[in-house]
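Remember, it's 1-based here, ligands and their atoms both numbered in the order they're listed.
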Amino acid sequence: MSSVTNLNKIAVIGGEGIGVEVTAQSRRILSWFAENRGTPIRLRDAEYGKVPYLRSGEVIPADTWDAIRESDAILFGASGGPETEEVPTAARNRDSLLSLRRKLDLYANVRPIYAHPELHAASPLKSRVLQGVDFIIVRELSSGIYFGEPRGIETLPDGRRRGFNTQSYTTDQVHRVARFSFELARRRRGRLCSVDKANVLETSVMWREEVTAIHRSEFPDVELSHMYVDNAAMQVVRAPSQFDVIVTCNIFGDILSDCAAVAAGSLGMLPSASFGPVDQHGRQKALYEPVHGSAPDIAGKGIANPLGSIQSLPLMLRLTLHRPDDAALLETAIAAVLAGGLRTADLVEPGKTPVSTEQMGDAVLQALAARA
Ligand code: NAD
């Protein structure tokens with residue numbers, strides 16, 4: 001039996017749009033693990049977005065920051081959409097998912113891309129292209145053009161408007177995400193592909209030189225290759241099985257992972273985990289969330305695929321909670337549900353009936369119960 005003090009604290013923040021809907025299903029699954037497997041967790045729900053803004057004037061209110069601060073891990077849903085647009089820019093600039101990532105210094109965003117054999121038919125790619133697709137994109141998450149200064153929109157003396165952003169990386173920012181990715185590749189098939197645009201961008205020239213230097217001095221046993229991002233965008237759909245681990249900057253990782261979602265059958269299938277630095281007590285804060293956004297086109301309809309969020313739980317169970325058996329059990333349950341033919345609307349074949357977000361959650365819980 002776990003005492004209250006050795007329970008891992010998980011902040012559960014659905015956020016906006018379908019984030020709330022898919023996180024509700026993951027939350028049920030975490031509760032199932034606590035109740036049926038003794039997984040030592042304590043869940044604390046917290047709000048994000050328009051709802052707390054209307055009440056408190058903050059997108060991330062004090063109570064949510066408390067929950068985040070005390071947590072070992074955060075289960076996040078999604079941010080964005082019309083709800084966000086109703087919040088004044090000043091409040092959004094003060095606090096947002098981007099600033100949360102920045103404040104927690106979540107620099108390494110791990111995005112596994114796996115083509116479930118049961119979902120090959122749901123992908124527009126040919127089945128032979130999907131054989132053996134199992135790779136990870138590590139997206140640098142706390143720097144780059146999404147955060148670079150100066151940025152803004154200005155009006156020039158002649159009346160034209162000018163929008164500008166800054167892509168910038170320092171050596172330490174490149175080194176830590178490179179080391180993280182080399183270590184990950186070392187634990188997998190030993191191959192790292194660093195994606196950049198070194199034929200055009202100075203930041204990429206520096207990125208490539210620094211990744212190469214880290215490789216030479218610390219990870220000569222890992223096979224390193226480099227690829228331009230335009231080619232990488234083609235390769236992740238032309239021949240995705242060639243990759244083991246990809247490391248790239250913030251914006252390229254953002255875009256490439258949506259391209260790679262095609263191999264997984266739907267953007268709604270992709271999970272992610274983001275890590276900050278290890279603190280003086282050996283703890284590493286982590287945020288788990290699906291790759292997708294708030295999907296305003298389907299929000300509130302109860303039809304979103306919750307599996308991207310649910311598949312972030314095996315990552316949490318392995319990497320924060322150190323419960324590999326629980327992680328394997330959940331993966332087996334998800335595979336069984338997919339093998340049984342259940343599909344949400346994003347994956348369903350023409351002529352077949354899709355299940356709702358909640359029904360998919362029910363099915364995963366039933367598959368877990370059948371194996372407990
Ligand atoms: P999106 O990921 O929300 O949706 C893209 C498309 O994929 C939509 O057609 C949507 O219906 C579909 N989709 C996404 N997740 C799905 C799921 N689980 N099940 C079924 N279909 C799914 O991207 P978008 O439409 O470009 O952005 C909407 C908002 O979300 C924007 O405000 C954007 O800034 C924000 N966003 C947030 C995050 C995040 O919170 N991490 C990530 C991406 C986009």
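Taking the centre and axis of the six-membered ring of F164, the NZ or CZ atom of R162 falls inside the cone set by 45° and 6.0 Å. Both cation-pi conditions hold for R102 and F147: the charged atom is under 6.0 angstrom from the six-membered ring centre and inside a 45 degree cone around its axis.
Residues R28 and Q25 have side chains that bring a donor and an acceptor to within less than 3.5 angstrom of each other.
Across every non-hydrogen atom of P112 and P271, the tightest pair is CD-O, 3.4 Å.
Protein residues with any heavy atom under 4.0 Å from ligand 1: I18, A78, S79, G80, G81, L97, R101, L267, G268, E289, V291, H292, G293, S294, A295, P296, D297, I298, A304, N305, D346.
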Point to revise | Intermediate values then yes/no, side chain to side chain contact (heavy atoms under 4.5 Å, CB included), D196 and T203 | key: CA-CA 9 Å; D196 61 40; T203 43; over 6 Å; no

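Under the side chain to side chain donor-acceptor pair (under 3.5 Å) criterion, D325 pairs with no residue, sequence neighbours left out.
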